[in-house]
Amino acid sequence: MIKGLTTVARVASEEAFTQLSELFQTLGFEPGKGWDDSTGKGAAFLAPLGNLELAIGYPPTQPTLMVEVTQLDEVHAAVKTWISAHQGTATKLSEPTLTDWNSRLFTVEPTKDLTVGFWQSENPVHNRPIAVEGDLSAAGKRFAIVVARWNAVITDRLLQGSLDALTRSGCAMKDIQIVRVPGAWEIPSAARTLAETKDYAGVIALGVLLRGETAHYEAIYNEVARAIGQSQQETGIPHAFGVLTCETLEQALDRAGLKAGNKGFEAAIAAIEMASIQEKLGAQTAELAGRKP
Ligand code: DLZ
């Protein structure tokens, strides 16, 4: 039933009215529908969010009109510019200071009897919808790993990395299905077969394509990436892409546990996170569907 909040600020003169309107527009308020009739006139400035706060112990020196902003220092500079352009009408501009409620705030008295507080929360997600994020727990979930035998010296290390990530995240070994395929080219079809069973929370694809050794390298890796993506889209099961595409064996070794981390480990972590996100989004969608009349 509640639609919005309106705060009315009394303005003493026509001049202050015009100047304040200019200030609020400069600061980015969206102009709303005003009025001008025999009773007086008003200008509306719309903000994307509004809330009513009841407070005990709120210092009487603090303004009751508070504007939350995202770039406090830029707003402060804009207010300062406005003050110097309209000297004489504006008084009392404080410097932004840290509050004891994890924010920075400055106040200004742009006209008599009106004090405005501009503030920015130091918490980046303040007043924003909480994002859905995946947990990194694989406990109780089943995962499939499809690993190419081609360049096994490297793919075995990727496999080790994936197993390490899964088991350290709580997945039991009995819940991990490993499927070995001849080469990267064969990964998508095995991945799809596994995904279609819907027995797995995620599929992890591991392989190594070396440019120097692979004829039609571009064509192969494009098709492998495309088909793994297609399997993911069409089955709805998260597929983590752990297929290395490298210029040399040395580069591949670096990415399989030497200098540049272990991409098998990273792929498994991505699969675990995506499996959790799928679960949460599924629950959210079901809840929303349940609420529909
Ligand atoms: C044939 C081939 C070549 C030349 N290079 C690679 C490679 O670098 N990495 C890889 O995983 N597989 C390679 N393959 C094998 C193909 O992926 C595929 O297994 C065969 O062409 C049989 O279909």
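Just so it is clear, the model here is predicted, and its values are computed rather than measured. When a ligand or atom number is given, it counts from 1 through the structure's own listing order. Side chains are part of it too, since the values below use all heavy atoms of this structure and drop only hydrogens, waters and symmetry mates.
- Across Ala184, Ala152, Pro182, Cys246, heavy-atom proximity to atom 11 (O) of ligand 1 is greatest for Ala184.
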Would Lys280 and Glu133 count as a salt bridge (charged side-chain N to carboxylate O under 4.0 Å, His left out) if you check the C-alpha gap in whole Å, the side-chain angles of each, and the deciding distance to 0.1 Å? CA-CA 8 Å; Lys280 290 185 183 184; Glu133 279 181 293; over 6 Å; no
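- For ligand 1 and Asn151, the ligand atoms under 4.0 Å from any heavy atom of the residue are 7 (C), 8 (O), 9 (N).
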Apply salt bridge (charged side-chain N to carboxylate O under 4.0 Å, His left out) to Asp156 and Arg180, showing your working. CA-CA 10 Å; Asp156 277 350; Arg180 289 189 186 270; 3.2 Å; yes
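- One finds no salt bridge joining Asp164 and Arg157 here, because no Lys/Arg side-chain nitrogen approaches an Asp/Glu carboxylate oxygen to under 4.0 Å.
- Under 4.0 Å from ligand 1, the heavy atoms of Val208 that appear belong solely to its backbone.
- The closest side-chain donor-acceptor pair between Asn123 and Ser121, if any, does not fall under 3.5 angstrom.
- Of the polar atoms of Leu209, none of the N or O atoms is found under 3.5 Å from an N or O of ligand 1, judged by distance alone.
- Near Trp185, the atoms of ligand 1 lying under 4.0 angstrom from a non-hydrogen atom of the residue are 16 (C), 17 (O), 18 (C), 23 (O).
- Heavy-atom contacts of Leu210 reach the following atoms of ligand 1: 8 (O) (cutoff under 4.0 Å).
- Within a 6.0 Å radius of NZ in Lys174, no more than 12 heavy atoms belonging to other residues, nucleotides or ligands are found.
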